[in-house]
Amino acid sequence: MDYTADGADGADGSHWDAGLEDDDSGAVMKAVGRQIKLWREAAGLRRIEFGAAIGYGEEMVSSVERGRRVPKPEFLDKADEVLGAGGKLAAMKDDVAEARYPKKVRDVAKLEYEAGELGSYASTVVDGLLQTEEYARALLGLRRPAYGEDELERLVAARMARQEIYERRPAPLLTFVQEEATLRRPIGGRMVLRRQLEHLLEASQLRYVEIQVMPTAVEEHSGLGGSLRVLKLKDGTAVGLNEVQLTSRLIADPREVQILEMRYGMIRAQAHTPRESLAVIQKVLGET
């Protein structure tokens, strides 16, 4: 099973494009768009007139009606009011919220949300659960072949939505090991990196979050096989997530999960302690 990666490939899995047409969310958005169009035409409004009435441009209205853009809740609320739909359009907000992101993103977000404990080693970029919105947008913008603007915004929103895990109560234990190079790579430019480092410092203050840095100079390193994740679910089972170029895979075989757990434990032991790591992040921030 492919899952959503945290790097520039975003929601890429092998042989999968992140467009709306590739999963069930596309059908939902097209159905919502058709309903909006039917109500608009019944009201005798052109797209430009309707857009002006609800505070959106004609191009946005066209994209929503064709199922290419995801309408925000306020779009549906204003459309319902202007078109006199009596709550029928506003009632679609829940369906849109459920289908807003690609199915593979929803699957991973659900796994993360069900985890009682999550451990992550990130070797090339800041972990997706720790990324700021501007860092995520800059990172996804580096993907080649490039995403279209609609796809890019959708994937950024999906990545940010996964961070709802921080609001869960009881909170899960979240541990992260970041390769030192990820703290220095200026993705998005110097100011984006500075804000990302500041965000890491803020996240590290949460009682249920531990961030460690793997120093570049370390000689013994058990994570040279690449980024990995281990999730311990509330039902007692454990799964692994492994990310490589173009393919990101969910690992459920207990023997393979055990190997990932062993490697992650060794990676944590070889990295700086959380307190030492805090000092490293502060030092890099001061140099940035």
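Side-chain atoms are counted along with the backbone in the values below, which use heavy atoms only and exclude waters and symmetry mates.
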Atom [atom1] of [X] and atom [atom2] of [Y]: how far apart are they, to the nearest 0.5 Å?
X      : Y      : atom1 : atom2 : value
Leu129 : Leu118 : CG    : CG    : 6.0 Å
Ile36  : Leu89  : CD1   : CG    : 6.0 Å
Leu200 : Arg195 : CG    : CZ    : 14.0 Å
Glu198 : Leu193 : CD    : CG    : 10.0 Å
Arg69  : Asp150 : CZ    : CG    : 4.5 Å
Gln178 : Gln212 : CD    : CD    : 11.0 Å

Check ion pair [X]-[Y] (N to O, under 4.0 angstrom):
X      : Y      : result
Glu74  : Lys78  : no
Arg159 : Glu133 : no
Glu134 : Arg137 : no

(request) Go through Val64 and Val70 one step at a time and tell me if the side chain to side chain contact (heavy atoms under 4.5 Å, CB included) criterion holds. (result) CA-CA 6 Å; Val64 168; Val70 181; over 6 Å; no

(request) Could you list the residues that satisfy salt bridge (charged side-chain N to carboxylate O under 4.0 Å, His left out) with Glu167, not counting sequence neighbours? (result) none

(request) Assess whether side chain to side chain contact (heavy atoms under 4.5 Å, CB included) is satisfied between Leu278 and Gln282, documenting all intermediate values. (result) CA-CA 6 Å; Leu278 184 63; Gln282 291 171 330; 4.2 Å; yes

Could you check whether any side-chain heavy atom of [X] comes within less than 4.5 Å of a side-chain heavy atom of [Y], counting everything from C-beta outward?
X      : Y      : value
Glu164 : Arg168 : no
Ile187 : Val192 : no
Val126 : Arg185 : no

(message) Here's one to test your reading of the geometry: is the NZ or CZ of Arg47 within 45 degrees of the ring axis of Phe50 and under 6.0 Å from its centre?
(response) no

Would you name the heavy atoms of [X] and [Y] that are closest together and state the gap between them?
X      : Y      : value
Leu152 : Tyr147 : N-CB, 4.1 Å
Gln131 : Gln196 : CA-OE1, 3.4 Å
Ile211 : Ala203 : CD1-CB, 4.2 Å
Thr182 : Val125 : CG2-N, 3.5 Å
Gly188 : Ala138 : CA-CB, 3.5 Å
Leu83  : Ala43  : CD2-CB, 3.9 Å

Do you reckon [X] sits in the same ILVMFWY cluster as [Y], going by side-chain contacts under 4.5 Å, direct or chained?
X      : Y      : result
Val280 : Leu130 : yes
Val230 : Leu173 : no
Leu201 : Met191 : no
Leu38  : Met29  : no
Val218 : Val177 : yes

Look only at the side chain of [X] and the backbone of [Y], and say whether a donor-acceptor pair between them is shorter than 3.5 Å.
X      : Y      : result
Asp127 : Ala122 : no
Asp95  : Val28  : no
Glu117 : Pro172 : no
Thr237 : Leu233 : no
Ser277 : Val213 : yes
Glu49  : Arg46  : yes
Glu180 : Thr216 : yes
Gln163 : Gly128 : yes
Ser222 : Met266 : no

(message) With a 6.0 Å cut-off on the ring centroids, do Tyr264 and Tyr121 count as close?
(response) no

(message) Over 60° means perpendicular and under 30° means parallel, so tell me whether Tyr166 and Tyr208 are parallel, tilted or perpendicular.
(response) tilted

For atom [atom1] of [X], decide whether the heavy atoms of other residues, nucleotides or ligands shown that lie under 6.0 angstrom number more than 12.
X      : atom1 : result
Gln258 : CD    : no
Glu287 : CD    : yes
Lys234 : NZ    : yes
Glu58  : CD    : yes

(message) So, applying side chain to side chain donor-acceptor pair (under 3.5 Å) with Glu65, which one of Lys30, Gln35, Arg40 is it?
(response) Arg40

(request) Start with the C-alpha gap between Leu285 and Leu183, add the side-chain angles, then the distance that decides, and say whether side chain to side chain contact (heavy atoms under 4.5 Å, CB included) holds. (result) CA-CA 9 Å; Leu285 176 60; Leu183 307 179; over 6 Å; no

(request) Evaluate the side chain to side chain contact (heavy atoms under 4.5 Å, CB included) criterion for residues Arg194 and Leu197: first the C-alpha distance (whole Å), next the side-chain angles of each, then the deciding distance (0.1 Å), finally the verdict. (result) CA-CA 5 Å; Arg194 280 191 60 85; Leu197 293 171; 5.7 Å; no

